[in-house]
Number of protein chains: 2
Amino acid sequence: MGQNRIRNMEEFAAVSGISRPTVSKYFHDPDSVRASTRERIEAALERYDYRPNFYAVNQNRRLTKNVGIVVPYLADPFFAEIARCIETLCYAAGFRPILLSSHGGQAQENDNLDSLRSIRPAGVLFAPLGRGSDRAVIESFAAAVPTVLFDSNIEDVGEAFFGLDNVQSVGMIVEYLCRTGEPPAFFEMRTPTNPNAFKRRRAYVEAMERLGHAPDLVQVEGGGWDFEEIGYREGMRVISERRLSTNTVLCSNDRLAIGFLAAAFDKGLRIGRGEGHALRVAGHDDHPFSRFTCPKLTTVAQDYASIAERSVEELVRLVESGESRPRRETTLFEGKLIMRDSA
Amino acid sequence: MGQNRIRNMEEFAAVSGISRPTVSKYFHDPDSVRASTRERIEAALERYDYRPNFYAVNQNRRLTKNVGIVVPYLADPFFAEIARCIETLCYAAGFRPILLSSHGGQAQENDNLDSLRSIRPAGVLFAPLGRGSDRAVIESFAAAVPTVLFDSNIEDVGEAFFGLDNVQSVGMIVEYLCRTGEPPAFFEMRTPTNPNAFKRRRAYVEAMERLGHAPDLVQVEGGGWDFEEIGYREGMRVISERRLSTNTVLCSNDRLAIGFLAAAFDKGLRIGRGEGHALRVAGHDDHPFSRFTCPKLTTVAQDYASIAERSVEELVRLVESGESRPRRETTLFEGKLIMRDSA
DNA sequence: TCAGGAATTTGTCGCGCGTAAAGTTTTTAG
DNA sequence: CTAAAAACTTTACGCGCGACAAATTCCTGA
């Protein structure tokens with residue numbers, strides 16, 4: 001049999017009885033060749049498992065079919081989940097996703113962009129570290145590569161942004177908490193590392209003032225991305241030192257809340273609403289694990305699927321039209337209140 | 001100034017006053033050129049930020065500097081964490097890691113290997129789906145690309161395997177549970193999707209028999225990778241239907257345990273050891289979140305760091321020596337009992 | 001100071017494919 | 001049935017770099 005391996009497109013074109021340029025055209029877009037030609041190529045493809053050399057292809061293409069996906073911290077299930085959605089969508093759209101995590105550090109984020117640039121991707125879906133990002137680097141990157149930001153916005157960078165409307169979402173849960181009990185204190189890191197923290201802090205303050213309450217920021221120490229650990233350790237401290245002037249705590253994100261819940265449990269505080277409960281605790285993000293805390297965490301759900309979908313859609317449009325938007329578009333999705341048992 | 005962009009190595013060699021082949025040699029290994037030459041190149045490098053074209057480099061190199069990392073499900077924090085370790089180590093060893101998740105499916109796993117093959121990586125670190133893998137595909141892949149398996153072993157495939165000694169780890173926690181209270185039932189999925197489940201089931205049965213107890217397998221329904229959900233839903237059912245003939249439950253992995261804990265909480269069962277507790281629950285893996293369950297989960301810790309380190313070490317050795325091992329090596333790491341509050 | 005080896009330069013080829021132009025065949029429309 | 005359009009083939013070039021051989025320059029040590 002013709003079990004002699006095919007070495008390159010030349011040889012494959014020979015055994016399929018089609019010229020090399022046409023075969024090349026086929027691999028670029030199977031629908032661009034006549035049906036009869038397509039069939040002959042695909043017949044050959046079954047007999048000899050040939051695939052164009054990845055490097056040779058991309059060296060010469062004006063534009064590759066690669067898209068980069070950069071998230072700030074992949075070991076955070078929130079980002080893992082949204083990355084999974086985006087990856088799948090890119091794949092379905094005919095692109096090859098390349099997933100990179102910044103591991104929570106600016107150096108790695110810059111490295112990631114650098115790596116991506118040398119790969120000449122068709123476009124990039126980018127969730128920056130936010131406060132921890134190097135704006136100059138990102139700006140210069142976005143100027144060279146079609147970039148769509150998600151999750152964390154950096155003003156005027158990239159072609160578009162898709163993310164949560166923190167003002168709406170935080171406002172909503174603050175309102176809910178005020179309506180159903182004591183106004184919440186806001187539990188957060190003093191110098192937060194996660195992207196949306198400042199927006200949420202501001203949204204909390206505004207919402208409280210609008211409702212006629214004095215904001216109560218409980219700002220704890222700690223850095224890095226071990227939010228549960230910080231929530232637990234500082235939660236223990238806050239409870240011990242009786243720093244809470246209210247029985248309701250809104251955490252800046254679910255991971256802090258998970259840690260705080262663990263601390264409350266250790267301190268023997270019953271969490272929940274209604275009779276016999278000492279404390280209400282709410283979070284933010286609808287983290288994949290917040291359905292399994294004890295008690296289940298009341299929180300605000302981000303619409304993962306929509307954010308992923310619209311981001312990819314926009315990038316694909318951008319890449320395929322070849323032109324950038326006339327005006328940068330910012331799309332904010334509303335959060336959804338997820339009432340569970342903790343508040 | 002010479003702000004005119006450098007287009008290729010030729011031009012860069014010109015502005016740095018060094019010949020192109022020597023520049024090429026420098027990029028391949030900076031220490032392979034004379035110090036004075038290195039300095040001149042690096043001086044030029046600061047003035048003109050040139051980088052060799054990724055695709056052109058890899059097209060011609062016998063061996064690329066890319067290594068693939070494939071995990072079964074990246075949205076599982078366990079794999080996210082170990083992937084993070086491995087990524088960092090590869091990076092430090094001078095390789096470019098390419099992280100791929102199989103998203104829990106065989107088709108995606110095969111696709112991933114296919115993608116990797118077309119990238120001609122120097123080597124691959126691969127945690128297969130296990131039972132869900134397509135052995136033929138993986139075998140043929142490992143025959144073509146230096147492959148080190150981790151987490152989940154497939155007999156006789158790849159150059160080496162690094163993972164947990166399930167017999168030891170499960171034996172240890174079974175022994176601990178028996179010594180300190182009633183012998184445990186084993187809570188697991190009837191047809192598990194996660195890789196090490198069968199080994200753990202067998203290890204449990206063996207340990208129980210060795211200790212003179214009748215094994216008690218609580219096998220619940222459910223598929224996919226939503227282990228917490230399954231643990232919760234089936235935990236509710238098991239508790240409601242009083243299917244437990246003991247007050248001690250060992251879960252096949254921490255994620256199931258997290259779900260089970262949530263169910264027990266909902267049912268008003270106090271989890272923990274000693275007076276006033278209705279049930280002891282233990283897990284397995286020391287999942288990143290098991291420190292923050294209520295109560296904190298007693299479990300067996302896998303030595304993430306060592307598994308990652310040794311796997312990468314072995315792959316680097318393999319790649320740099322250019323030869324495959326005379327004999328496939330299987331290295332099992334001992335689990336460590338992590339005593340917390342749940343059992 | 002000089003030999004000899006190491007480092008470098010020069011020149012040249014090849015990798016596998018994209019791409020373009022010009023000529024040929026096939027298909028489609030009138 | 002014919003002419004135009006579409007698809008294909010042939011031919012040829014270029015991408016940016018790795019790899020190699022031969023010639024040259026540099027550095028080391030006695």
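Naming convention: chains lettered A, B, ... in sequence-line order (proteins, then strands); numbering from 1 in each chain.
Whole-Å rounding puts the Arg40(A) CZ to dT26(C) P distance at 11 Å. Whole-Å rounding puts the Tyr26(A) OH to dA7(D) P distance at 16 Å. Between the P atom of dA6(C) and the CG atom of Asp31(B) lies a distance of 18 Å, rounded to the nearest Å. For the pair Arg120(A) CZ and dC15(D) P, the computed distance is 13 Å after rounding to whole Å. The distance between atom CD1 of Ile18(A) and atom P of dT10(D), rounded to the nearest whole Å, is 10 Å.
Between Arg51(A) and Phe27(A), every side-chain heavy-atom pair lies at or beyond the 4.5 Å cut-off. Side-chain contact check for Glu11(A) versus Tyr48(A): every heavy-atom pair is 4.5 Å or farther apart. Using a 4.5 Å cut-off on side-chain heavy atoms (C-beta onward), Phe54(B) and Arg120(A) make no contact. Side-chain contact between Phe150(A) and Ile86(A) is present, with heavy atoms from C-beta onward closer than 4.5 Å.
Between Thr22(B) and dT9(C), a side-chain N or O to OP1/OP2 separation shorter than 4.0 Å is present.
No hydrogens or angles considered: a donor-acceptor pair under 3.5 Å links the side chains of Ser140(A) and Arg117(A).
For Tyr304(B) and Phe78(B), the ring centers sit closer than 6.0 Å to each other.
Using a 30° and 60° split on the angle between ring planes, Phe126(B) and Phe141(B) fall in the perpendicular class, above 60°.
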Expected rows: protein N/O vs nucleotides 16-19 of chain D N/O, under 3.5 Å:
| residue | atom | partner | partner atom | Å |
| --- | --- | --- | --- | --- |
| dG16(D) | O4' | Gln59(A) | NE2 | 3.1 |
| dG16(D) | N2 | Asn60(B) | ND2 | 2.9 |
| dG16(D) | N3 | Gln59(A) | NE2 | 3.3 |
| dC17(D) | OP1 | Tyr50(B) | OH | 2.3 |
| dC17(D) | OP1 | Asn53(B) | N | 2.9 |
| dC17(D) | OP2 | Met9(B) | N | 2.3 |
| dC17(D) | OP2 | Tyr50(B) | OH | 3.4 |
| dC17(D) | O2 | Asn60(B) | ND2 | 2.8 |
| dG18(D) | OP2 | Ser24(B) | OG | 2.5 |
| dG18(D) | N7 | Arg20(B) | NH1 | 3.4 |
| dG18(D) | O6 | Arg20(B) | NH2 | 3.0 |
| dA19(D) | N6 | Arg20(B) | NH2 | 3.4 |

Show the distances under 3.5 angstrom between N or O atoms of the protein and N or O atoms of nucleotides 28-30 of chain C.
none

Salt bridge (charged side-chain N to carboxylate O under 4.0 Å, His left out) evaluation trace for Arg84(B) with Glu81(B): CA-CA 5 Å; Arg84(B) 192 177 64 86; Glu81(B) 187 59 28; 2.7 Å; yes
